[in-house]
Every structure is written in structure tokens, then in C-alpha cells.
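Working notes, structure below.
The chains referred to below are lettered A, B, ... by the order of the sequence lines, with proteins before strands, and numbering in each begins at 1. What you see below is based on every heavy atom in this structure, not just the backbone, and it leaves out hydrogens, waters and symmetry mates. Here the structure is a predicted model, which means the values were calculated and not measured.
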There are 2 protein chains.
Amino acid sequence: MFNGEFNNAIDLKGRASIPAAFREALQNSTGDVSLYVTKSDSGLAAYPTSAWQGICDRVNALPPGPLRTANLRTKIAPAKECSFDRQGRIQLPQSLREYAALEKDIVVVGMGDKLEIWNLQRHLEATAKSEALLRENEQAQAELGF
Amino acid sequence: MFNGEFNNAIDLKGRASIPAAFREALQNSTGDVSLYVTKSDSGLAAYPTSAWQGICDRVNALPPGPLRTANLRTKIAPAKECSFDRQGRIQLPQSLREYAALEKDIVVVGMGDKLEIWNLQRHLEATAKSEALLRENEQAQAELGF
DNA sequence: CACCATTTGACACTAACTGGGAAAAGATAC
DNA sequence: GTATCTTTTCCCAGTTAGTGTCAAATGGTG
């Protein structure tokens, strides 16, 4: 559903431009006009409504305990539904902006069923780490056809 | 009902700003103009009237014994009904402020049927612990759809 | 090179949050 | 019971943050 990597920007008031390609993909598949955004790794993840519903249902179905609590505290509670303005931007709340250190340059990445929103610098670092990991597993990579 | 995470403040007099989003949610669902606040973990928890009633009823229905006493002593007894002032703040009694170490920067977290009020630093620590726990269970997280 | 869609920056306007002063209520000591 | 002090409540005003809109800049395409 979502794929591609885009270097966009977030403005002083915290509005992040979402690439038109992703908005169209959303429109065509689910018809949503908003995304559910939450913390993920060192960045943000944004889900279409139905996907988010599924996640919430599965978390709520977990047996009471530390794992359920941790998910509620770090994933479900901070989440915010963000709708697009006329220019295709979403307003991200301060808490999420701070968490992901979003200030000016951001990277929006399509990850199939979800989007990721990164601070440019952090995305570079995360990518570098992933590349290093793959170099340690050349055989597996070859088998994948890369 | 309640969700989202907000960085607000408590002033020298002990008045804590409750985000407008939560006040509206309250208004729309129960019409309450106050919250029942009590101790919880290392912070405070705030409940709408009806939810608090339910809790009290269930605690009172417990058979007499240490468990019932402990609940009365640590949860029911310290609770205070706090109503909003015209600016959307609640006045927290000194005992609760001290318990949760609320001084200046606070975090107000929506947790479905209740709110949590944290000292900023303590909230960071609590979420960091939860994140660490989730990283130890990547497989489980993937299955949830994150 | 001109055109078009997209992205970004800027502005004004509104709403939300924060801080302070004074009145009211409650507690404490005499 | 009264005086004094502290805490809470009410009200006002300043500051900050968020929203809606417009228009300039950017980049890709014919």
C-alpha cells in the first residue's frame, strides 16, 4: 500500500507535510482522511484507521500484566488521530514531535501498511545500522535475491 | 474516551492544567465538571464520577480483610474530588502533589476510562522502562501489528 | 521553456495555557 | 471566640500554541 521515501518538512507550528502519493494511496484503499500517529522506535508511525483499530483490539485483548501496560503506556496512550489540512499536512502534537525530535527536515517512509516519520538525522543513523546488519548476513541477502 | 499525552504545567498554588481535549471528552460523555483524583503507581489517576463510583462499590463489596483495608487506605481514603476552574485547571491538595512529586512540568495522559497525571521526569522513566520491556519482546510486538 | 502539481513559508485569527492579585474559606494559636 | 496565617477559589490579563488560508517556491513533465 505505502512505499517510497520522501524528504519533507515540518513547520514551526508542528505541521508535517505528508507526500501526495501516500494521501492518494489512503484515499484509494480506505478512503481515510486521517492517520493515527504514535511513537515507534526513535520516530513516529502512522496507521490508517482500520489498521489502528486492529492494533488497539489486540492490545486490549492481552492479559493484564506488564506487557499490556507497557503497550498501553508507550503506544496506545500517546497516539493521536491527525487529519489532513487543505495542503496535505497533519498537525502533530508537541509530545510526539519531541519524542521523535522533529524540527525541520523530516523523512516520511512508506512501510506497506503504515508510514514512518523520522527526524532526517535519526533516519540516516537507523538506515546505517540496518545496512551494517545486512552486511553481516551476506548469505541470507543473496538467498533473498539481492 | 481519553487518549493522547500532553505536557502541561502545575503552578505554585497547585493548580494543574487539564488539556481541553479531555475536558471536552468528559463533557460529551458524562457531563461531569469534576474528577476524582487519587494515588496510583508513582503518579496520580483521575476518574470521572461514574467510574469512581464503580470502583468504590467494588472495593466496599470486598470481604473484610487486609486487601479491602489496603485498598481503602491507599486508594479510596486519599482521593479528592477536584472541580475545574474557569481556565480548565484542577486544584490538587498538597498531599497528592507531594505523593506524585508534582512541581512544575507535568504530563497528563489519557488512558481510556481514566487520566494519569505524572511528574515529567517520572513519566520519562516509566515510559523508558516500558520501552525496554517491549524491545525484549519484539516478536510479540510484531504480532500485535506494530 | 512553460505548465502543472506539490510543497513550503507567511500571515492573521482563534483557542488554550499560564501566572498573578484579591477575596473567601479553613486551620491554628492564643 | 477571635486574630492570624495558610490554603483555596475566583477573576483578569499576558503569552503561547494551534488552525485556516493564501501565495511564493520547488520540482517534475510535456
Those residues that, when tested against Q139(B), pass side-chain contact (heavy atoms from CB on, under 4.5 Å) (two or more places apart) = E143(B)
Is the backbone of L96(A) close enough, under 3.5 Å, to the side chain of E5(B) for a donor and an acceptor to pair up by distance?
-> no
Is any side-chain N or O of R15(A) under 3.5 Å from a base N or O of dG9(C), one able to act as donor and the other as acceptor?
-> no
For F22(B) and dC17(C), give me the distance from atom CZ to atom C1', rounded to whole Å.
-> 15 Å
Please write out which residues are connected to L12(A) in a hydrophobic cluster, directly or through intermediates, given that two of Ile, Leu, Val, Met, Phe, Trp, Tyr count as joined at side-chain heavy-atom separations below 4.5 angstrom.
-> none
For every nucleotide of nucleotides 22-30 of chain D, 5' to 3': is a protein heavy atom under 4.0 Å from its base (B), only from its sugar-phosphate (S), or from neither (-)?
-> B--------
In whole angstrom, give the distance that lies between atom CD1 of I10(B) and atom P of dC17(C).
-> 15 Å
Residues touching DNA chain C, which here means a heavy atom under 4.0 Å, drawn from residues 90-107 of chain A | K104(A)
For D57(A), salt bridge (Lys or Arg N to Asp or Glu O under 4.0 Å) partners two or more places apart = none
Would you say S17(A) reaches dT7(C)'s phosphate, i.e. side-chain N/O to OP1/OP2 under 4.0 Å?
-> no
Could you state the atom-to-atom distance from CD1 of I18(A) to C1' of dT8(C) in whole Å?
-> 14 Å
Which residue pairs pass the side-chain hydrogen bond (donor to acceptor under 3.5 Å, both in side chains) test when at least one of the two sits in residues 104-125 of chain A, sequence neighbours left out?
-> E116(A)-W118(A)
Which other residues end up in the same hydrophobic cluster as L144(A), if Ile, Leu, Val, Met, Phe, Trp and Tyr are linked when side-chain heavy atoms come under 4.5 Å apart?
-> F146(A)
Give the rounded distance in Å between these two atoms: CD of E81(B) and C1' of dT8(D).
-> 15 Å
What dot-bracket string describes DNA chain D from 5' to 3', counting Watson-Crick and G-U wobble pairs whose defining distances are under 3.5 Å, with [ ] for crossing pairs and | for pairs to another strand?
-> ||||||||||||||||||||||||||||||
So which protein nitrogen or oxygen atoms get under 3.5 Å of nucleotides 12-16 of chain C's nitrogens or oxygens?
unit_1, atom_1, unit_2, atom_2, d
dA12(C), N6, K13(A), NZ, 3.4

So, T74(A) versus E131(B): side-chain donor-acceptor pair below 3.5 Å or not?
-> no
Just grab all the ring pair (Phe, Tyr, Trp, His ring centres under 6.0 Å) pairs involving residues 57-79 of chain B, residues at least two apart or on different chains.
-> none
Those residues that, when tested against F22(B), pass ring pair (Phe, Tyr, Trp, His ring centres under 6.0 Å) (two or more places apart) = F2(B), F6(B)
The answer to which of D85(A) and L12(A) contacts DNA chain D further toward the 5' end, by nearest nucleotide, is L12(A)
Under a 4.5 Å cut-off applied to non-hydrogen side-chain atoms, are S130(B) and T69(A) in contact?
-> no
Can you list the steps and then say if L44(A) with L102(A) is a side chain to side chain contact (heavy atoms under 4.5 Å, CB included)?
-> CA-CA 10 Å; L44(A) 302 180; L102(A) 305 181; 3.7 Å; yes
Counting only heavy atoms not in E103(A), do more than 12 sit closer than 6.0 Å to its CD atom?
-> no
Taking salt bridge (Lys or Arg N to Asp or Glu O under 4.0 Å) as the test, write out the residues that go with D85(B), two or more places apart.
-> R89(B)
Between CG of N8(B) and C1' of dG18(D) the distance, given in whole Å, is 14 Å
